[in-house]
Structure formats: structure tokens, C-alpha cells
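Heads up: the structure comes next, in C-alpha cells.
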2 protein chains.
Amino acid sequence: MSEQQRDAVANPAKRPTIRDVAAVAGVSKSLVSLVYSDPEKVSEARKGRVLAAAEELGFRPNLLARSLATNMSDFIGILVADPVNPVFAEIIDAASLEFDRAGRRGLMTTAVLPQSGTVRLLNEGTIATLSDLRPRSVLIAGSLPDVTSLGSLAEDRPVVVASGLAEGLPSAGSVRTDDRKGLALLIEHLTSLGHSDIAHLGGMTAVGRSRADAYEEAMTRHGLARHVHVQDSDFTELGGYVAATSLLSRENRPTAIIAANDLAALGVQRALDERGLTPEDVALTGYDNSFLASIAGVSLTSVDPHNGVIGREAARWLIEAEAGNDSLPHELLIEPRLVVRRSSGSGI
Amino acid sequence: MSEQQRDAVANPAKRPTIRDVAAVAGVSKSLVSLVYSDPEKVSEARKGRVLAAAEELGFRPNLLARSLATNMSDFIGILVADPVNPVFAEIIDAASLEFDRAGRRGLMTTAVLPQSGTVRLLNEGTIATLSDLRPRSVLIAGSLPDVTSLGSLAEDRPVVVASGLAEGLPSAGSVRTDDRKGLALLIEHLTSLGHSDIAHLGGMTAVGRSRADAYEEAMTRHGLARHVHVQDSDFTELGGYVAATSLLSRENRPTAIIAANDLAALGVQRALDERGLTPEDVALTGYDNSFLASIAGVSLTSVDPHNGVIGREAARWLIEAEAGNDSLPHELLIEPRLVVRRSSGSGI
DNA sequence: CTGTTAGCGCTTTCAA
DNA sequence: TTGAAAGCGCTAACAG
């Protein structure tokens with residue numbers, strides 16, 4: 001009786017290994033390994049026997065052992081910048097669906113320490129753990145506060161940022177909305193409603209700056225350069241509320257406010273509400289077209305970045321890049337569309 | 001020149017191992033291992049030297065190797081039942097904070113296949129991957145559609161369900177809101193406003209049934225047994241909308257509707273809105289007190305389950321259980337409080 | 001505390 | 001295709 005067999009008898013509950021499968025299928029251990037790592041190279045007949053034996057024993061390859069041997073796991077690491085922002089849930093959902101279609105798996109973690117307040121802190125512990133597990137590639141949803149401390153996670157593997165800028169990650173790709181087109185749509189919409197005193201609220205993050213620049217550009221193109229006003233705000237409800245409070249206490253308050261995203265727009269809406277201001281007094285728009293915008297009591301005019309498309313394209317890009325095909329553009333801009341609702345006072 | 005040294009010279013970029021650290025610190029490989037697995041047993045002096053050497057070399061233990069050897073990883077697996085429901089984000093946030101405090105790390109995945117529609121399908125692939133990585137314990141946020149196919153993930157390790165029932169998981173704990181107290185608060189509130197024809201919307205999930213039962217009980221206690229009406233609905237906005245549409249087309253529509261959660265309440269609100277019905281016509285309440293409820297244009301009266309407490313307690317329980325202390329109750333019920341807002345027409 | 005030995009389950013290489 | 005052998009980086013057990 002071999003060591004092997006004795007063990008199997010003594011400990012029948014133990015998870016089967018390739019050795020057990022090889023024994024049952026009557027093939028070599030190497031062949032079983034091959035079946036799982038490079039099935040093309042094995043004849044159908046033998047493959048069938050191996051798979052049957054595996055099925056019979058309830059064998060599943062040990063990911064940990066495989067990862068240790070190859071120095072690489074086969075899942076996709078997902079970093080979420082802000083779990084509270086529903087936009088990222090939409091993007092991750094779309095990406096996950098695409099991963100699933102490709103037979104790939106994603107494991108996620110929050111990139112930012114919860115409740116770290118206005119100064120968002122990278123959740124370095126979790127990121128290190130994810131990194132130690134050596135994911136084959138990494139999807140980042142949103143912009144990270146400090147990309148440099150991603151450390152080894154961003155090295156030696158494909159990285160794609162969905163709905164954020166790939167600043168500081170030279171080899172990373174980025175799939176995002178075309179802010180210039182988005183802001184152009186907003187300015188066109190608002191000017192067509194007669195607005196000229198249009199303020200922008202945002203500018204405090206990388207994406208915020210991009211949108212603020214696009215706002216300024218569009219305003220200038222419409223001959224409204226002297227009305228340009230950017231009020232500092234982050235992308236949170238509270239940030240929007242604070243910024244709006246300050247903006248609305250100015251002598252000449254704007255007749256329209258463009259918030260850099262839906263969450264901030266919600267904060268603006270609260271500030272307007274508190275002052276009894278309606279869309280007829282101050283038009284308001286957001287950006288993201290998250291489900292928040294479509295809530296009956298919110299009814300927020302918003303730019304739809306096509307979050308599903310962004311998530312899907314980011315996922316596809318990652319899968320392509322894993323296959324070694326990195327002849328892709330560094331940045332993929334998705335053309336947005338405008339969704340008009342009551343908040344802009346257009347009477348719809 | 002040893003194999004070891006030759007290798008270090010030939011490949012300086014290679015990640016250092018405990019052997020390298022041991023060499024630099026002038027101690028044995030075993031000691032280095034001990035420093036990371038059971039630091040208590042090592043004298044301060046030697047520990048200091050090992051840690052200094054590790055720092056100098058930039059050494060971090062290889063999680064994969066450790067996991068293979070111990071047949072167990074040291075992270076906590078997190079399963080999210082519904083990533084779109086903001087309640088779970090709040091719970092996970094609180095739990096993550098607690099994990100972080102304890103020096104533990106969590107890795108997350110969506111338990112349910114995105115866009116699988118009304119029949120929610122368990123995302124078995126990702127769950128299997130998580131399971132293969134052998135997390136030390138598992139936190140489940142929300143109720144899973146089919147717990148049986150969790151397979152080995154739920155075996156041989158502590159499992160705690162946060163904000164959901166541990167049905168089908170005999171050895172799992174559960175931290176959730178006390179539905180009976182929550183519904184009692186709601187019925188008291190609504191009856192004190194003069195309502196008696198109060199309908200309940202939910203009952204299609206495990207938690208839904210629990211709340212429906214609690215509703216019936218509270219109604220009966222208030223002598224309103226003949227007004228009991230449960231309209232089937234799931235926990236989504238669309239589900240709430242559909243259920244409300246059907247409910248409002250009845251001959252005698254109720255004067256108050258209790259939705260089983262905030263998301264469904266949002267759907268009810270949309271249906272009411274479409275019919276021009278105000279809180280004075282039909283009072284509406286939710287359950288979760290998610291940030292959705294506090295949005296100015298929503299202003300939903302809701303039961304606050306203390307999501308932060310639920311997440312925190314679930315995390316603590318898990319950490320306790322990992323330490324072998326499982327002399328804990330099978331279910332921990334958190335006492336909720338009522339947050340009154342405009343939707344119940346109480347004039348606030 | 002040290003040092004040695006064995007082993008976790010898989011991949012990889014190589015000669016047969 | 002096979003079988004053997006070495007190795008991934010760590011843990012675990014044990015004699016010193």
C-alpha cells in the first residue's frame with residue numbers, strides 16, 4: 001500500500017489532487033496538469049478520461065498551489081474608488097457581466113478607507129492584500145486619490161481605469177466619458193433655455209478639473225466667458241451642499257448650476273430646497289445619469305455617460321490586454337448624451 | 001558561492017524571501033517565519049533585527065505560499081447580495097472599518113450575477129474563486145437567493161450574515177434589524193396619524209416575509225386585523241412600482257403604504273407621483289433609512305436599522321469566531337428607531 | 001531559539 | 001505523451 005493510498009483511506013474527506021485524478025484516469029500527473037493549463041495539447045480521448053475522473057472525484061484545481069507555482073493568480077482585481085457612489089456599482093456590474101462572459105472572475109475591494117472624510121485615504125492594507133494575491137490584471141473604477149501608493153499592484157500587469165483618469169499610471173488605459181462633449185451638451189441645453197449666468201460646481205478632483213475646463217471652454221464658445229464661475233466642490237452630496245450654500249449667498253446668484261456629478265447635484269438640490277428655490281429660479285444639472293437622477297422627487301437633468309458601456313469596454317480592454325494585445329489607445333472616450341428632466345426647468 | 005547568492009546576484013529584482021531576510025538578520029529561516037506567524041514567541045531583540053532586515057530588503061511575506069502551506073488565507077471573504085442597494089454599501093463600509101481596526105483585510109465579490117433580472121442567480125464562478133482562495137471567514141451582506149450552492153465556502157469557517165437571514169446555513173450567525181420592533185414603530189406612527197387602512201408591500205423574500213409577519217402581528221395588536229393586506233413585492237425600485245401600481249388600482253386604495261425597504265418605497269413614490277397623489281392622500285414609509293430616504297425630494301419616513309452598527313457587530317462577531325470564540329448567539333437583533341420625514345404626511 | 005527535514009499542490013523542464 | 005525531478009515560498013514538527 002503506497003503512502004498515497006494509505007492517505008486516501010485514512011483521510012477520505014481530503015480534497016483530491018491531480019495525483020488522485022491521475023491515478024483514477026490511469027494517466028500521469030503531468031497530463032492532468034496539462035489538461036487544466038493547456039487543454040489544446042491533449043488528445044480528446046485522454047482529456048475525456050481525465051475530466052471524467054476529475055468529475056468522479058469532485059476535483060477542482062487548487063488555485064493557491066497553481067498561483068504559487070506560476071507566481072500569478074487568474075482572477076481580475078477590482079478597485080472601487082467610492083463605494084457610496086452608485087455610478088460605480090453600475091460600472092462594476094457591467095464589467096462583471098463581461099468578465100463572466102469571458103469565463104473570468106473578479107475580486108473587489110474598496111480602494112479608499114471608509115469614513116476617511118474629505119481627505120480620502122488609500123486603503124493600503126487591502127490593496128496590499130489584493131496585490132499579494134497577484135491578480136492577472138486590475139480594473140480601477142473611478143479616480144484614486146493617490147495612485148503612487150498602489151505599489152506593485154499596478155506593475156507588471158494590465159491596468160484599466162473605468163470612469164476616471166489614469167494619471168500617474170503611464171501604462172494604464174482609461175475608459176471614460178467625453179467631458180467636453182458632455183459639457184457642450186449642457187451649455188447648449190441651458191443657453192437654449194435662456195440662461196447665461198451659468199455656474200459650475202466641482203473642480204476639486206482630477207475628473208472635476210477636466211469637467212471644469214470643458215465647462216469654461218463651452219462657455220467661451222458661446223460667448224459667455226465673463227459668466228464663467230467655478231465653485232470648488234468634490235463629488236459628494238455634502239460637498240455639493242456646502243458649495244451651493246456658498247454660491248447661493250453671493251449677491252448675484254447664477255440662474256443655472258452645473259454640478260460635476262449627480263451626487264453633488266443632490267447636495268445642491270438640498271440647498272435650493274432649503275431656500276425654497278425651484279427649477280424656475282435656478283436650473284440644475286448633474287452628470288452620470290445614475291438612478292438617483294431618475295428618482296421621481298429628484299428628476300435631475302443629467303449627462304448620461306453610458307456607464308454600462310464604460311464598464312463593458314474597460315472589461316474587454318483588460319481581457320484583450322491580458323492576451324498580450326496592448327496595441328490599444330491609451331484613452332477611450334465614450335460619447336455621452338443628455339437626459340433632460342425637471343431640474344433644469346425645461347418644463348418636461 | 002551558494003545557489004542562493006548566485007541567484008540573488010543574477011536576479012536582483014526578484015522579490016526577497018524569508019531566506020534572504022534570515023541571511024541578512026543572521027537568524028534562521030524558521031525564526032523569520034515565526035516572527036510573522038506568531039510574533040509573541042520571539043524575543044524583542046531578535047524580532048527587531050528580523051523586522052529591520054525585512055524593511056531593508058523590502059520583504060513582504062508571500063501570501064500565496066503561506067496560504068498553500070496552511071491551507072488557509074488570512075483575508076475575510078465578503079459576499080454582497082445586491083450591489084445596487086446602497087444599504088449594503090453602508091454596511092460593508094462599517095464592517096471594513098472594523099476589519100481595518102483589527103488589522104484584517106476583506107475581499108469582496110458580488111454574490112448575485114448582475115442583470116440576472118427577477119430570478120436572481122448566484123454568481124457561482126466568482127464564489128468558487130473566492131472559495132478556492134480559502135478565506136479565513138465569510139461575511140455575507142444581505143440575503144442570498146440560494147444558499148445551498150455556496151458549497152465549500154460556507155464550510156469549515158465562520159460565516160456571519162449581516163442584514164439578512166442565515167437560512168440554510170446552520171452554523172452561521174446573523175446580525176439584523178429587529179423587524180417586529182421596526183414594524184411596531186411604523187404601525188404606531190401611522191395609527192397615531194389616524195390611519196387604519198395600512199397596506200404592506202413586500203413578502204417575496206426571506207426578509208420580506210419576516211417583515212410581512214411583523215406587520216400582520218402589529219396590525220392585529222392594534223385591532224386592525226381586518227385591514228391587513230400584503231401586496232407581493234421584491235426589494236427593488238421596479239418591484240415597488242409594479243406592486244404599488246396594482247395596489248393603487250384597487251377599489252379602496254389604502255391610506256398608507258408600508259414598503260418593505262427604501263428602494264421599493266422609491267418605486268411606490270413614483271407610482272404615487274404619476275397619479276398626482278401626495279403624502280396627504282397616501283402616506284408612505286420605507287425601511288433601511290438609507291441615504292436615499294434623506295434626499296430632499298424623497299424625504300421618506302423610514303425605519304433606521306442602524307446599518308453602521310449591523311456592519312460593525314457582524315465584523316466583530318466574525319473576528320471573535322475566528323479566534324475560536326463561537327459561544328455567541330445564533331442571531332443578534334439590533335433595535336431600530338423611526339425617522340419621520342415628509343412621506344408619511346406628518347407635517348414635518 | 002536553531003537547523004533540518006518534509007510537505008502543501010501545482011507547474012515546468014527534460015529525457016525517454 | 002510519460003515519468004521523474006526540481007522548485008514556487010512558506011509552515012510545521014522535532015531534535016538539539
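Naming: A, B, ... by sequence-line order, numbering from 1 per chain.
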Scan [X] against the nucleic acid and name what it touches under 4.0 Å (heavy atoms): base, sugar-phosphate only, or nothing.
{"X": "B/Asn71", "answer": "nothing"}
{"X": "B/Thr70", "answer": "sugar-phosphate"}
{"X": "A/Leu68", "answer": "base"}

How many angstroms lie between [atom1] in [X] and [atom2] in [Y], if you round to the nearest 0.5 Å?
{"X": "A/Arg19", "Y": "A/Ser33", "atom1": "CZ", "atom2": "OG", "answer": "12.0 Å"}
{"X": "A/Met108", "Y": "B/Thr110", "atom1": "CE", "atom2": "OG1", "answer": "4.0 Å"}
{"X": "A/Arg134", "Y": "B/Asn62", "atom1": "CZ", "atom2": "CG", "answer": "5.0 Å"}
{"X": "A/Leu133", "Y": "B/Arg105", "atom1": "CG", "atom2": "CZ", "answer": "13.0 Å"}
{"X": "A/Ser96", "Y": "A/Ile78", "atom1": "OG", "atom2": "CD1", "answer": "5.0 Å"}

What is the distance from [atom1] of [X] to [atom2] of [N], rounded to the nearest Å?
{"X": "B/Glu44", "N": "C/dC1", "atom1": "CD", "atom2": "C1'", "answer": "15 Å"}
{"X": "A/Arg15", "N": "C/dC10", "atom1": "CZ", "atom2": "P", "answer": "8 Å"}
{"X": "B/Leu64", "N": "D/dT11", "atom1": "CG", "atom2": "C1'", "answer": "15 Å"}
{"X": "A/Leu63", "N": "C/dC8", "atom1": "CG", "atom2": "P", "answer": "18 Å"}
{"X": "B/Met72", "N": "D/dA12", "atom1": "CE", "atom2": "P", "answer": "12 Å"}
{"X": "B/Phe59", "N": "D/dC10", "atom1": "CZ", "atom2": "P", "answer": "4 Å"}
{"X": "A/Asp132", "N": "D/dC10", "atom1": "CG", "atom2": "P", "answer": "10 Å"}
{"X": "A/Leu34", "N": "D/dT1", "atom1": "CG", "atom2": "P", "answer": "9 Å"}

Any donor-acceptor pair under 3.5 Å between the side chain of A/Ser28 and the base of D/dA4? no

Below 3.5 Å, does any donor atom in the side chain of B/Lys29 face an acceptor in the base of C/dT4, or the other way round? no

DNA chain C: 5'-proximal contact among B/Ala65 and A/Val32 (nearest heavy atom): B/Ala65

Picking from D/dT11, D/dT2, C/dT11, which would you name as closest to the side chain of B/Ala69? D/dT11

State whether A/Arg46 places a side-chain N or O below 4.0 Å from either non-bridging phosphate oxygen (OP1 or OP2) of D/dT1. yes

Taking only N and O in the side chain of A/Ser33, is any of them less than 4.0 Å away from OP1 or OP2 of C/dT11? yes

By nearest-heavy-atom nucleotide on DNA chain D, the more 5' of B/Arg60 and B/Ser30 is B/Arg60

